[in-house]
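Heads up: the structure comes next, in structure tokens.
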2 protein chains.
Amino acid sequence: MAQKPSIPKGTRDFGPAEMAGRNYIFDTIRSVFRTYGYAPIETPSIENLNTLLGKYGEEGDKLLFRILNSGDAFSKIDYDAYRVEGTENDYNSKALSLKLCEKGLRYDLTVPFARFVVQHQNDLVFPFKRYQIQPVWRADRPQKGRYREFYQCDVDVIGSTSQLNELELVQIVDRVFTLFGVNVCIKINNRKVLTGMAEICGFPEKVVDITVAIDKMDKVGLEAVESEMMEKGLTAEAIEVLRPILALKGSTAQKIEIMRDLMNGKSASGLVSETGLKGLDELEELFGYISAAGILHDVEMDLSLARGLNYYTGAIFEVKAKDFAIGSICGGGRYDNLTGIFGLPDMSGVGISFGADRIYDVLKGLDKFPSEVTSTTKLLFANMGAAEVSYLIPVVKSLREAGISCEIYPGQAKLKKQFDYASRKSIPFLSITGGDEVASGMVNVKNLSTGEQKTFAKDDVEGILTFLQ
Amino acid sequence: MAQKPSIPKGTRDFGPAEMAGRNYIFDTIRSVFRTYGYAPIETPSIENLNTLLGKYGEEGDKLLFRILNSGDAFSKIDYDAYRVEGTENDYNSKALSLKLCEKGLRYDLTVPFARFVVQHQNDLVFPFKRYQIQPVWRADRPQKGRYREFYQCDVDVIGSTSQLNELELVQIVDRVFTLFGVNVCIKINNRKVLTGMAEICGFPEKVVDITVAIDKMDKVGLEAVESEMMEKGLTAEAIEVLRPILALKGSTAQKIEIMRDLMNGKSASGLVSETGLKGLDELEELFGYISAAGILHDVEMDLSLARGLNYYTGAIFEVKAKDFAIGSICGGGRYDNLTGIFGLPDMSGVGISFGADRIYDVLKGLDKFPSEVTSTTKLLFANMGAAEVSYLIPVVKSLREAGISCEIYPGQAKLKKQFDYASRKSIPFLSITGGDEVASGMVNVKNLSTGEQKTFAKDDVEGILTFLQ
């Protein structure tokens with residue numbers, strides 16, 4: 001009995017058309033990474049679980065795909081020892097899975113990158129600039145736009161604190177979306193400024209609550225943000241200190257100037273935040289570079305931007321498409337001690353990640369895929385018989401060596417069927433070279449969209465190439 | 001306490017230098033596949049275990065990496081029900097693993113391809129020509145040159161029985177290794193001829209034993225092959241029939257002629273094999289095409305070639321490097337009913353797989369990687385201070401947009417340190433553009449291998465590009 005074929009939920013097959021679009025995205029991003037001096041690395045899909053566990057919070061641990069140990073993993077286990085006390089048939093799944101599964105699938109590219117840097121630190125040249133385009137796996141509940149296997153495209157530099165790195169990431173984003181023809185807005189913040197805000201309002205320990213609240217500014221508005229902060233225990237006086245920041249207007253330079261005053265003891269609390277001032281210096285330096293760089297897209301300082309708070313310590317980035325509603329398509333920031341957990345402290349890094357799946361949806365939604373991306377074969381030679389095929393083989397070979405994608409229809413099917421093949425594959429040129437052409441040493445080629453047809457001498461590869469342009 | 005970072009045995013990290021070599025291999029192979037009209041697909045790393053189980057033999061089932069079901073997989077299991085009868089603490093691991101693991105990692109690309117073709121048959125255009133370059137996983141005992149995660153590069157056409165497909169695969173191999181500059185020998189056999197040999201010697205049911213024996217011809221010689229066949233139950237008369245085949249000499253055309261006589265009742269047994277004759281017809285047609293195609297490498301009919309016998313039904317291919325001993329670097333063949341198990345019978349396909357890891361070793365061993373493959377950044381701009389950096393930003397931007405990989409050193413480190421960075425990364429050009437150049441609107445660039453230095457106007461991108469050639 002034949003199986004009905006299927007794939008696990010949350011995973012996808014990519015056929016030729018989707019692959020063409022995805023490769024266009026990856027190739028474009030990769031080509032830009034390369035011109036900025038970033039080099040590729042790859043890490044194994046399978047990591048030791050102790051590399052992954054505890055790095056993504058308790059929720060993240062649950063979303064790791066665990067791989068069963070090899071051999072008869074289940075045979076010689078004393079299951080009774082794992083029984084939950086006082087139950088008949090309930091076992092400690094966490095402990096059993098640690099015993100039976102020592103490996104797991106990569107959950108993101110950042111932790112494997114940190115592991116890689118520490119493991120190979122003696123072979124690397126610092127600052128180390130790497131990009132990495134590989135799939136990651138998460139046992140999330142599958143839903144629209146959320147997959148259990150998806151690609152991440154990460155670019156990071158580690159071992160340099162210069163704001164020039166932040167600039168380059170902004171330039172990379174700018175260049176990539178210029179090449180894609182997609183209008184984006186690049187939002188920038190700095191975690192140190194968020195820390196400063198918590199410090200000058202007198203609740204330095206509530207920086208997470210404060211930033212989680214103001215992160216919702218866009219969606220819920222000022223009032224709702226303020227009442228959330230009240231709920232989290234902030235006083236009216238503290239909110240009084242934050243209010244002018246949340247309502248900040250003007251150019252980036254003006255905003256930075258006002259913020260510097262506030263961080264410098266001129267807020268309602270009179271408190272000073274050295275960290276906040278440092279963050280403003282970084283933002284000022286970065287926006288100075290950005291002016292010099294002639295960035296084509298909108299770049300905006302957004303003090304309510306907080307994302308991925310858990311490890312960012314400096315710059316925070318987020319990119320959104322302006323003409324297509326889909327959430328953030330790029331994000332990242334600076335993290336000062338990512339490699340510390342693997343034994344290499346004080347390595348500052350900054351990076352950004354491109355969301356390939358969402359970018360695909362944006363390009364498709366805005367019809368921005370170049371037309372040549374979707375067609376694969378350029379020219380089909382109809383199969384008119386064994387003699388014609390043998391005659392054509394060297395012609396086809398020369399065209400292929402000149403980089404043209406072409407095919408001889410592999411069977412001697414009816415011409416109707418061969419036409420159908422060309423048409424369903426959107427092949428734009430067709431050659432029906434039969435006995436007459438063979439006898440006279442010619443090859444004909446027809447442009448299927450214009451109907452124009454030309455005949456060439458068998459070895460006139462240049463002529464055919466020109467006609468195919 | 002910091003963890004000492006490590007990766008699971010049998011897996012690998014690839015740093016920038018290895019990635020450069022690997023990408024060169026993949027890009028070259030992919031570009032050739034493309035010119036032959038093959039389109040890329042990708043399938044999920046994770047397949048349902050019932051897609052994979054039973055497809056690779058019992059040994060293969062054991063080598064599948066199984067993924068633990070999500071959630072508290074271990075908690076509510078009645079382990080006692082899985083206890084091996086009469087034992088205290090031994091459990092049926094196979095049954096438990098089927099209950100607890102419904103998914104597994106892809107073991108090869110062929111079975112997922114078959115699953116893909118059947119699942120998407122209504123959306124595909126047949127003959128369907130696809131290539132697929134993705135990692136596969138096997139829980140093999142790790143050893144030198146054998147990994148638990150490795151890439152396969154497969155190219156297959158399905159839905160056509162024409163020998164033109166076989167020719168194209170030979171041409172693809174020929175072209176790929178011409179581009180690599182590696183001398184190879186392409187060996188070709190046909191499973192039907194092997195079947196014919198078993199038939200005319202009177203032991204059609206022993207085709208596997210016979211081919212396993214003669215597959216060792218190269219290594220152990222005629223006598224050992226004959227005694228192995230004796231051990232497997234062949235009679236002296238049967239071996240008498242096979243002996244002239246094993247000692248066959250001459251051109252391919254001569255060999256085919258002799259073989260046709262033998263299959264046609266002119267062997268010592270007088271038996272006729274229709275299947276064998278069909279196989280010879282296919283080989284003759286294929287070698288006819290090969291002559292017309294001007295193949296540059298050695299192509300040899302080898303009637304002792306048997307590999308992967310389990311599913312091949314027609315052509316069998318194997319490629320070896322002539323100047324580097326490493327075993328087969330490419331292999332494949334035709335399979336007449338690969339999709340049958342998923343409910344789509346009578347779909348004949350033929351394909352070949354490139355062994356990227358071995359090809360890497362060959363190119364490295366023979367020093368065939370082009371020199372430009374290993375260097376990433378072409379030009380480093382030393383960082384002489386914030387003013388110089390701001391001055392350089394537009395210059396660097398223009399060079400990058402022209403496709404040049406360049407960097408500004410990201411920190412204001414001592415020049416010695418910046419030189420070291422250029423030297424350790426093998427960056428061939430260096431610019432030390434300081435205050436004087438900024439004042440005069442110039443940029444200087446030095447070729448670090450020749451020592452030649454030139455000064456350009458800031459916006460003379462063309463001039464710099466020419467100097468970098």
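Here is how names work: the chains are called A, B, and so on, in the same order as the sequence lines, proteins then strands, and each is numbered from 1.
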query = Where does A:Leu379 contact chain B at under 4.5 Å (heavy atoms): side chain, backbone, both or neither?
reply = neither
Separation of B:Arg66 CZ from A:Leu100 CG (nearest 0.5 Å) = 13.0 Å
query = What distance separates B:Asp140 CG from B:Leu63 CG, expressed to the nearest 0.5 Å?
reply = 5.0 Å
key: Top contributor to chain B interface from A:Pro127, A:Pro135, A:Gly411, A:Ala386 [non-hydrogen pairs under 4.5 Å]   = A:Pro127
ask   = When you measure from the centre of the six-membered ring of B:Phe65, is the NZ or CZ of B:Arg138 under 6.0 Å away and within 45° of the axis?
value = no
inquiry  = For chain B, which candidate among A:Arg130, A:Lys62, A:Glu168, A:Lys94 shows the most heavy-atom pairs at distances under 4.5 Å?
reply    = A:Glu168
message = I need the residue from A:Ile7, A:Ile67, A:Asp72 with the largest number of non-hydrogen atom pairs under 4.5 Å to chain B.
response = A:Ile7
inquiry  = Taking side chain as everything from C-beta outward and backbone as N, CA, C, O, which of these in A:Arg148 sits under 4.5 Å from a heavy atom of chain B? Side chain, backbone, both or neither.
reply    = side chain
task = Could you look at A:Ser160 and say if it's the side chain, the backbone, both or neither that has a heavy atom under 4.5 Å from chain B?
result = side chain
ask   = Relative to chain A, which segment of B:Leu380 carries a heavy atom at a distance below 4.5 Å: side chain, backbone, both, or neither?
value = neither
task = Heavy-atom distances under 4.5 Å only: say whether A:Ser70 touches chain B with side chain, backbone, both or neither.
result = side chain
Proximity breakdown for A:Asp420 and chain B, heavy-atom pairs closer than 4.5 Å = neither
Proximal component of A:Tyr409, with respect to chain B [non-hydrogen, under 4.5 Å] = both
key: is_close_aromatic(B:Tyr91, A:Tyr79), centroid dist under 6.0 Å   = yes
key: Test salt bridge (charged side-chain N to carboxylate O under 4.0 Å, His left out) applied to A:Lys378 - qualifying residues, sequence neighbours left out   = none
inquiry  = So if I take each residue of residues 399-406 of chain B and look for any heavy atom under 4.5 Å from a heavy atom in chain A, which residues do I end up with?
reply    = B:Arg400, B:Glu401, B:Gly403, B:Ile404, B:Ser405, B:Cys406
Max heavy-atom pair count under 4.5 Å with chain B, selected residue of A:Asp123, A:Leu105, A:Val157 = A:Leu105
Per-residue contact mode, A:Glu42 against chain B (heavy atom under 4.5 angstrom) = both
request  = Indicate, with yes or no, if the rings of A:Tyr131 and A:Tyr38 have centres closer together than 6.0 Å.
outcome  = no
request  = Please determine, by modelled atom types, if A:Asn48 and B:Ser6 share a side-chain donor-acceptor pair under 3.5 angstrom.
outcome  = yes
query = Looking at B:Ser45, B:Gly288, B:Pro394, which makes the most heavy-atom pairs under 4.5 Å with chain A?
reply = B:Ser45
key: Partner chain B: residue of A:Ser390, A:Pro40, A:Gly294, A:Ala292 with the largest heavy-atom pair count (under 4.5 Å)   = A:Pro40
Point-to-point distance, once rounded to the nearest 0.5 Å, from CG of B:Asn50 to CG of B:Leu98 = 10.0 Å
Top contributor to chain A interface from B:Thr87, B:Asn165, B:Ile77, B:Val396 [non-hydrogen pairs under 4.5 Å] = B:Ile77
task = Determine whether A:Asn92 and B:Phe74 make a side-chain contact, defined as any pair of heavy atoms from C-beta on separated by less than 4.5 Å.
result = no
Would you list the atom pairs, donor with acceptor, under 3.5 Å between side chains in residues 10-17 of chain A and any protein atom, with sequence neighbours excluded?
| residue | atom | partner | partner atom | Å |
| --- | --- | --- | --- | --- |
| A:Thr11 | OG1 | A:Pro8 | O | 2.7 |
| A:Arg12 | NH1 | A:Asp357 | OD1 | 2.8 |
| A:Arg12 | NH2 | A:Glu149 | O | 3.4 |
| A:Arg12 | NH2 | A:Asp357 | OD1 | 3.1 |
| A:Arg12 | NH2 | A:Asp357 | OD2 | 3.4 |
| A:Asp13 | OD1 | B:Arg115 | NH1 | 3.4 |
| A:Asp13 | OD1 | B:Arg115 | NH2 | 3.0 |
| A:Asp13 | OD2 | B:Arg115 | NH1 | 2.6 |
| A:Asp13 | OD2 | B:His120 | NE2 | 2.8 |

key: Residue pairs, two or more places apart or on separate chains, that pass salt bridge (charged side-chain N to carboxylate O under 4.0 Å, His left out) and touch residues 404-413 of chain B   = A:Lys129-B:Glu407, B:Glu407-B:Lys425
inquiry  = Is A:Asn23 in contact with chain B via its backbone, its side chain, both, or neither, using a 4.5 Å heavy-atom distance?
reply    = side chain
inquiry  = Among B:Gly71, B:Ser93, B:Ser31, which residue has the highest count of heavy-atom pairs closer than 4.5 Å to chain A?
reply    = B:Ser93
message = I'd like to know which of A:Pro410, A:Gly37, A:Ala139 tops the heavy-atom pair count under 4.5 Å against chain B.
response = A:Pro410
key: Contacting moiety of B:Gln119, where chain A heavy atoms sit under 4.5 Å   = both
